[in-house]
Amino acid sequence: MTTPSSVDQPGPHPDTPEAGTSTRARVRLHPRWWAAAAGLAAGGAGIAAGELTAGLLSPLVSPVTALGGAVIDAVPPGVKDLAVQLFGMADKIVLIATIGMVAGLLAALAGVLEYRRTGWGLALAGLAGAAGLTAVVTRAQAGPQAALAPIVAAIVTMLLLRALIRRLATWAPSTPAPDRQGVDPAPLARRSFLNALAGTSIAAVVAGTVTGILTRATTVASGFRGSMTLPEPATPPQAIPAGATLALDGISPLVTPNTDFYRIDTALAVPAIDPPAWKLKVTGMVEREVEIDFATLLAKPMIERHVTIACVSNNVGGDLIGNALWLGWPVRELLAMAGPKAGADMVLSTSNDGWTASTPLEALTDDRDALVAVGMNGEPLPLEHGFPVRMIVPGLYGFVSATKWLTELKVTRFADDTAYWTPRGWSDHGPIKTQSRIDVPRSGRTVQPGTVQFGGVAWAQHRGISRVELRVNRGPWKQATLATGISTDTWYQWQLGLDLTPGDYEVQVRATDTTGQPQTEDKAPVAPDGAAGYHTISVKVG
Ligand SMILES: Nc1nc2c(c(=O)[nH]1)N[C@H]1C(S)=C(S)[C@@H](COP(=O)(O)O)O[C@H]1N2
Ligand SMILES: [Mo]
């Protein structure tokens, strides 16, 4: 190897172990590879920290899943079909693996960039975090806290990347300093870098494993949900009548999409139920206890009904209300199998997480279509809306009827049993109060003088709405155009054009139900049994 002429050659390549004792020579791999490894470890730990955050908040806000969803939505249908053909049910796993590979490559690249030039790798990590943030906030069904996970992922990645690359640069400067005097820092710096790299990698694996364990139930439940098909209803749903929808910009859509549907529950983490393990029991004051499993329930003759459900905590003018098409089996048929005993007047429904609601037995046995529901707007119930089975009862606030993740119906008496909210200052009965809301214009808006179009929704579930009126500055009531309802169990759109000259106005709305009873003007707070009063907005014309 050593020839006389080699004396005049430049020294051995610094990557080779033969390079002797110079600082760079100790690096057996080219430092670029160590930088890539640092990027991978930092990115892995960052993503794991983000997923762990998401898993703790709610498994529904995972940045990786959100990005995957965004990719699914973005690819043309042809590519989607191809992916399903190629990979079948494994298509989602392939997608997640692909996202993992892309993330890995980007992380390695961030390491190399950061090693070359301080700040560049951080910038790349920041960009990736911004992509995750965009995916999460545009998709998550879980509100603004969803933004936390990608932010945590980006910050952890950047901090670790900076710390690792700083150590690497001390050991193997990317721009080698002229020969230094004194003690060679290499062995110490080398150990410091390798320890940090190992620590980061271990942390990434531990956080990833914990997240996997935490979210496994959710993964199983969403996997089942994604691959199941809902049964067809035995009788088709009522068609939405022509004239049920008014063409007015900004009015609430007649049917609320699942992703926009309000969510209210006490569950810190969304319960994840594996349908094959699910059972619904009917117990208490019954002739015979009944227990049905998911397959048995799906085989029952189902009906599909639009029902507007509302939260008792919905303030006048609030948005804790939504209208969906629910697929389910009438509760009265399930109760008939069990045979409620004389004297019973309540059904205490229990959720998988222990939450309970008290529903009058009558509301579950009369002719209204109270449902043991499995479908929402043509899909299996979303996890956060009660997958796999919930109750839907037309005419009652959710807190006394709409039990999600339903597992038991106990036939009992109001005198003997108490539901979750009853000892907490809320009523044990909760019929929905007749209400109306102005959606457009938004309160506080300035609008053009002339004919100003007002519009919104009104509801009196199971009684139906017969009239909606507006008044300006407490003047006479003027009747609005009322759209045809889908049924008395849903809300109705309404609209009215008012000629207004420049100035400040107070506009109020009131609805009247089909029994001729107008909603009350007397204000009531949400507790104990629902808000009352007129929705009042201010409009500036000018
Ligand atoms: N298990 C369970 N079910 C529940 C609740 C709850 O806290 N836990 N909240 C109820 C309340 S107060 C309302 S208003 C409705 C809301 O249903 P949604 O989240 O599907 O809109 O669910 C009801 N079902
Ligand atoms: Mo509620």
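Keep in mind the model is a prediction, meaning the values are calculated, not measured. One-based numbering, in listed order, for ligands and for the atoms of each.
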Salt-bridge present (Lys281, Glu291; N to O < 4.0 Å):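 Looking at Glu291 together with Lys281, the answer is no, because their closest N to O distance does not fall below 4.0 Å.
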Do the side chains of Arg368 and Asp489 get close enough for a salt bridge, i.e. N-O under 4.0 angstrom?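 No salt bridge links Arg368 with Asp489.
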May I ask you to check whether [X] has an N/O atom sitting below 3.5 Å from an N/O atom of ligand 1?
X      : answer
Trp421 : no
Tyr262 : yes
Asp265 : no

State if Arg390 counts as touching ligand 1 under the rule of any non-hydrogen atom under 4.0 Å.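 The answer is yes: ligand 1 sits under 4.0 Å from a heavy atom of Arg390.
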Any side-chain donor paired with an acceptor under 3.5 Å for [X] and [Y]?
X      : Y      : answer
Gln508 : Arg471 : yes
Ser252 : Asp439 : yes
Thr488 : Gln461 : no

Give me the nearest non-hydrogen protein atom to [atom] as residue plus atom name, then the distance to 0.1 Å.
atom                    : value
atom 23 (C) of ligand 1 : Ala402 O, 3.4 Å
atom 4 (C) of ligand 1  : Trp355 CZ3, 3.5 Å
atom 19 (O) of ligand 1 : Lys404 NZ, 2.5 Å
atom 9 (N) of ligand 1  : Ile264 O, 3.2 Å

Heavy-atom contacts with [X] under 4.0 Å: which atoms of ligand 1 show up? List them by number with element.
X      : answer
Phe399 : 11 (C), 12 (S)
Cys311 : 14 (S)
Asp353 : 1 (N)
Phe261 : 21 (O)

Is the Lys NZ or Arg CZ of Arg390 less than 6.0 Å from the centre of Trp405's six-membered ring, within 45° of the axis?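 No, Arg390 does not lie over the aromatic ring of Trp405.
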Could you work out, for atom 13 (C) of ligand 1, the closest of Ser351, Ala267, Gly398, Gly430 by heavy-atom distance?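 Among Ser351, Ala267, Gly398, Gly430, the closest heavy atom to atom 13 (C) of ligand 1 belongs to Gly398.
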Under 30°, 30 to 60°, or over 60°: which ring-plane class applies to [X] and [Y], parallel, tilted or perpendicular?
X      : Y      : result
Trp355 : Tyr420 : tilted
Trp477 : Tyr534 : perpendicular
His429 : Phe414 : parallel

Counting only heavy atoms closer than 4.0 Å, does ligand 1 sit against the backbone of Trp405, its side chain, both, or neither?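 The side chain, only.
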